[in-house]
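Notes for the one structure printed next.
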Amino acid sequence: MTMFAWLAALLVGRLWRLSAGACRWVPAPRAALAVGVMLATAYALFSGWGLPAQRTICMLAVVALLQWLGVRWPWACVWLLALAVIVVADPWALWQAGFWLSFIAVGVLLASGSGAADAKGQSAVRRWMAKLHALWREQWLISLALAPLGLLLFGQVSVVGLLANLLAIPWVTLVVTPLALLAAALPMAASAAAVAMLPLMGLLQWLAALPWAVWVLPQPAWWASALAIAAGLLVIAPLPGRLRLVAALFALPALFWPQARPRVGEFELLAADIGQGNAVIISTASHRLLYDAGPQYGRHSDAGERVLLPLLAAQGMQLDAMMLSHSDMDHTGGALAVKAAQPGARVWGSDSVIQAPQLAGLAPVQRCTQGQHWQWDGVTFEVLHPPAGEAWLNGRKARPNFGSCVLRLRSARGQVALLAGDIEAAQEQQLLQTHLDEPVEWLLVPHHGSKTSSTKPWVGTLRPRWAVVQAGYLNRFGHPVAAVVQRYRSVGSQLVAQDRCGAAYWSSAKPEKLECERLIRAHYWDVHAVSTGPP
């Protein structure tokens, strides 16, 4: 849009000077400024009037107004005025990553200058070399300044971003954008612009697929991120080299932020906020296991890609294993995305998972079978269901829910947690007769609180301190049903409904405490987070 405004102003200025009467009425530079901004605004409206377009138009209008009035301000004052205008017009812009990234990038460019040497009297080759050097300098400074901000906002830093920008910016600026603008008058130019994008997109996809393309780090504390942002800005500032080297040290806390881990013998459970489905991250001192992978939201959208992988990256977690209770898509929808991102994770699953054609990409999958047990860092893991063979079905037709993998965890101090998938009443009875005869501290409520599960003997025997229901807000199944909710509350359990709690964190080291993300960081518009009553 800035290029369009510049081209429009240049064309209007040339045409305006052809008329002496027009120039006497309004000087050509002022007419070019006004018409350029108006045409850029029309272009922004035509393109959808998105928030980035609004910010661009505001900045153009501020700069044009200052030039119209003949006011010469330092670049910092112009930059701050444009920022203030946008914040007044749209205060919510402060909560958007694009606001900070764009303004800091522009500020870096204004503060550093173009970096191009005076090319007058030089050969064409030297002029091109000077331009390339200026482009390299600008992109290097912007990449260095924005890297700490990217770490704060996204928990990762692009390693290939500098190279991608060096290739994409000239190509898009000099080839793609002019063709796209020409398409307004010559429609076939749009096809040419699309063809010109193909090699660029192929190259960018290849860069993004490189194993070292993105540097993922645990999310640091806000003060460490603030220090890193200050370090990035000071490193590119026109300061003596020694001072810039000292400033770079301020980024070390963010770059080497320690990952929080449970003590040996203890474990932590994080029930991710994924809507209608199951996904629980189990952490010990040096291992991670994902129990179920959440739902699939659409053909190209699932909980693995949209929730679990960003969450794992922000926490700096690497999975050792993934256990999929059964093949229903609200439990396995994100499994392929998680496995693709962390191919070293071992996969356990029930018969329905092994046989599901849509999950063939997870192979090899080891069957979870009653009797399997192991220890990680002093924490005991036991698979309680399903038994080997098919005798336990008692002649009934097998259904995915019946064969759900049931996992029990026991800390070194005896704190017990149970994850029960979507087992139903018959499987609950079998488990009570064979393996379950004591209360548990934490329970993943079977089948999201369905009426087919959580029978009175099950609830009365387990009497969980915390009963976590992973169900979507106003889900069409009515989970959890009122009878099940009342059943758990009647034995003194704290029922945690995830549509009000959000992500739920619990540690065996502090069994009396469970943290709800939406209550810790409640927003004033979130009625469910601030409503009265237990979560």
Side-chain angles (χ1 to χ4, degrees), residues 267-283 287-297 301-312 317 319-342 345-356 358-359 361-362 365-368 372 381-386 399-409 417-424 427 442-450 453 467-472 475 477 479-480 496 498-499 501 503-506:
F267 64 91
E268 297 173 351
L269 300 174
L270 179 59
D273 188 3
I274 41 79
Q276 182 71 21
N278 280 164
V280 180
I281 300 173
I282 303 168
S283 302
H287 294 85
R288 302 286 185 272
L289 182 144
L290 175 64
Y291 182 89
D292 282 341
Q296 185 177 24
Y297 304 127
S301 176
D302 57 72
E305 191 70 36
R306 297 189 61 179
V307 180
L308 296 176
L309 290 179
L311 176 60
L312 292 171
M317 293 181 179
L319 292 178
D320 296 278
M322 178 166 54
M323 179 175 288
L324 303 175
S325 62
H326 61 296
S327 62
D328 286 355
M329 291 305 294
D330 58 335
H331 295 253
T332 62
L336 292 175
V338 172
K339 179 63 174 177
Q342 301 205 17
R346 184 179 179 184
V347 182
W348 280 291
S350 60
D351 289 327
S352 62
V353 173
I354 297 173
Q355 297 165 5
Q358 70 273 18
L359 300 175
L362 297 174
V365 178
Q366 180 179 350
R367 186 183 190 271
C368 54
Q372 291 173 337
F381 291 70
E382 303 174 83
V383 177
L384 305 184
H385 186 78
R399 290 176 52 191
N401 286 0
F402 297 167
S404 293
C405 302
V406 177
L407 181 65
R408 179 167 63 184
L409 314 173
L418 186 69
L419 298 92
D422 276 1
I423 60 170
E424 300 188 359
Q427 293 78 57
W442 189 98
L443 172 68
L444 182 62
V445 173
H447 205 176
H448 322 286
S450 167
S453 308
V468 177
V469 179
Q470 286 195 298
N475 64 86
F477 308 102
H479 297 159
V496 181
Q498 196 147 50
D499 60 339
C501 176
Y505 167 80
W506 181 84

Identify all side-chain donor-acceptor contacts of residues 303-311 below 3.5 Å with residues at least two apart in sequence or on another chain.
residue	atom	partner	partner atom	Å
R306	NH1	S301	OG	3.3

**Asked** Does a side-chain heavy-atom distance below 4.5 Å link L409 with F381?
**Response** yes

**Message:** Let me confirm one number: the CD1-CE distance from I281 to M317, rounded to the nearest 0.5 Å.
**Reply:** 5.0 Å

**Mutual orientation of the aromatic rings belonging to H479 and H448 [parallel < 30°, tilted 30-60°, perpendicular > 60°]** = parallel

**Considering all heavy atoms, the nearest V445-A467 contact** = CG2-CB, 3.7 Å

**Item:** Inter-residue atom distance S352.OG - R399.CZ, 0.5 Å rounding
**Value:** 11.5 Å

**Prompt:** Are H331 and L324 close enough that some pair of their side-chain heavy atoms sits under 4.5 Å apart?
**Reply:** no

**Prompt:** Do the side chain of Q372 and the main chain of R367 share a donor and acceptor less than 3.5 angstrom apart?
**Reply:** yes

**Message:** The test is side chain to side chain contact (heavy atoms under 4.5 Å, CB included); show your working for L362 and L336 and say whether it passes.
**Reply:** CA-CA 7 Å; L362 297 174; L336 292 175; 3.9 Å; yes

**Request:** With the side chain counted from C-beta on, respond yes when S350 and H385 share a heavy-atom pair under 4.5 Å apart, and no when they do not.
**Result:** no

**Spacing of L319 atom CG and K339 atom NZ [to the nearest 0.5 Å]** = 10.0 Å

**Message:** For the CE atom of M329 and the CG atom of L359, what is their distance to the nearest 0.5 Å?
**Reply:** 6.5 Å

**Message:** Can you tell me how far apart CG (N278) and CD (Q470) are? Round to the nearest 0.5 Å.
**Reply:** 4.5 Å

**Message:** Which heavy atom of Q342 sits nearest to which heavy atom of L312, and what is that distance?
**Reply:** NE2-CD1, 3.7 Å

**Separation of E424 CD from H447 NE2 (nearest 0.5 Å)** = 6.0 Å

**Prompt:** Which heavy-atom pair separates H326 from S404 by the least distance, and what is that distance?
**Reply:** ND1-OG, 3.3 Å

**Request:** Indicate the atoms forming the closest heavy-atom contact of P446 with I423, along with that distance.
**Result:** CB-O, 3.8 Å

**Request:** Would you indicate whether the side-chain heavy atoms of V280 and D292 approach each other to under 4.5 Å?
**Result:** no

**Message:** A side-chain contact here means heavy atoms from C-beta on lying under 4.5 Å apart; do L419 and M323 qualify?
**Reply:** no

**Message:** Under a 3.5 Å cutoff, is there a donor and acceptor pairing between the side chains of D330 and Q276?
**Reply:** no

**Message:** Are the side chains of L407 and W348 in contact, using a 4.5 Å heavy-atom criterion?
**Reply:** no

**Fill in**
Partner of M322 under side chain to side chain contact (heavy atoms under 4.5 Å, CB included), picked from V365, L290, T332, is L290

**Asked** Any side-chain heavy atom of P295 within less than 4.5 Å of one from I274?
**Response** yes

**Request:** Can you sort out the partners of E268 under salt bridge (Lys or Arg N to Asp or Glu O under 4.0 Å), two or more places apart, ordered by chain and number?
**Result:** none

**Request:** Kindly indicate, with the supporting measurements, whether the criterion side chain to side chain contact (heavy atoms under 4.5 Å, CB included) is fulfilled by L269 and L444.
**Result:** CA-CA 10 Å; L269 300 174; L444 182 62; over 6 Å; no

**Message:** Minimum heavy-atom separation for A293 and A335, please, with both atom names.
**Reply:** CB-N, 3.4 Å

**Prompt:** Distance-only, no hydrogens or angles: does the D302 side chain make a donor-acceptor pair with backbone N or O of Y297 under 3.5 Å?
**Reply:** no

**Asked** Is Y291 reaching over with its side chain to a backbone N or O of G421, donor-acceptor style, under 3.5 angstrom?
**Response** yes

**Prompt:** If you look at every heavy atom in P400 and D328, which pair is closest and at what distance?
**Reply:** CB-OD1, 3.9 Å

